[in-house]
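Encoded as structure tokens, the structure appears first; notes follow it.
Every number for a ligand or one of its atoms is a count from 1 in the order of the listing. Quick caveat: nothing in here was measured; it's all calculated off a predicted structure.
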Amino acid sequence: MSLTASHTSEKVLSVEALTVSFDGFRAVDSLSLSVDRNELRVIIGPNGAGKTTLLDMICGKTKPTSGCVIFNGIDITRLTEHQIVRSGVGRKFQTPSVYEDLTVFENLEISLPRTHGVFQSLTFRRSPEVVDRIHAMAEQIFLIDCIQDRAGQLSHGQKQWLEIGMLLMQESSLLLLDEPVAGMSPREREQTGELLSRIAVGKSVIVIEHDMDFVRRIAHKVTVLHQGRLLSEGSADEVKQDPRVIDVYLGH
Ligand SMILES: Nc1ncnc2c1ncn2[C@@H]1O[C@H](COP(=O)(O)OP(=O)(O)OP(=O)(O)O)[C@@H](O)[C@H]1O
């Protein structure tokens, strides 16, 4: 039984015939896919398949040559990156970008919506409710014991968790995560798998990942890209057995 079968399907994201050309080279080519609420989708594919470029177009970093991105029924294709963040799409890049000189607590605090700067957030927003919320988030992302440590002192894996927590504080309802377990220990990977599964409840998560064991553990559905196109889609076991996927990706 598919893991998504128990959820009522509600389409949150639709990518329709999305195409982007760089100097005539189609990095993403007429790609269509959709993601439901409560879904954890994993995108796999060989190097250069267009995975990162796809996420770049969903979050507005790269503008498509043609096609569109519909999020919660709204065409966000031509919105600015900032507008797309405010509409509820959060992006985490492969390298963690946290404020190294601020504590875990402060990094989470400045990610709250409607915060216009570090100064304002540190001086005006520290109500008991906000403090409780930040503590609950630190607990969820396994950082409660180092909540007053500076982010610069955290391990690489802990910084990845902090950045996921920052996206959650922003109240993103769609999270785009580029290789979130890169550089993590096996134990940290396991914890991240649990965290992502929990996050997907009530939200949608798209993860780019190469490690097939991890993919199998977390994915509700897997999309395989190759040369900017959709090669295969299904459960992790289904795509693993797809001869086209074995041929261009898993067999190497
Ligand atoms: N801004 C750009 N200008 C020119 N070519 C680009 C640009 N961005 C991406 N590309 C090209 O588009 C193709 C897809 O790149 P992309 O980074 O999306 O692949 P990927 O599937 O994420 O690969 P990897 O697993 O190596 O990260 C590559 O051939 C890349 O060189």
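With a 4.5 Å cut-off on side-chain heavy atoms, Trp161 and Val98 do not count as touching.
Ring geometry for His210 against Tyr249 counts as tilted: the plane angle lies between 30° and 60°, on a 0 to 90° scale.
Of the possible donor and acceptor atoms, one in the side chain of Glu188 sits under 3.5 Å from a partner among the backbone N and O of Ser185.
Legend: residues meeting salt bridge (Lys or Arg N to Asp or Glu O under 4.0 Å) with Arg189, ordered by chain and number and at least two apart, are Asp211. Partners of Arg229 by salt bridge (Lys or Arg N to Asp or Glu O under 4.0 Å), not counting sequence neighbours, listed by chain and number: Asp29. Listed by chain and residue number, nothing satisfies the salt bridge (Lys or Arg N to Asp or Glu O under 4.0 Å) test with Lys240 (two or more places apart in sequence, or in another chain).
Enumerated by chain and number, the residues approaching ligand 1 to less than 4.0 Å through a heavy atom are Phe22, Phe25, Ala27, Pro46, Asn47, Gly48, Ala49, Gly50, Lys51, Thr52, Thr53, His210.
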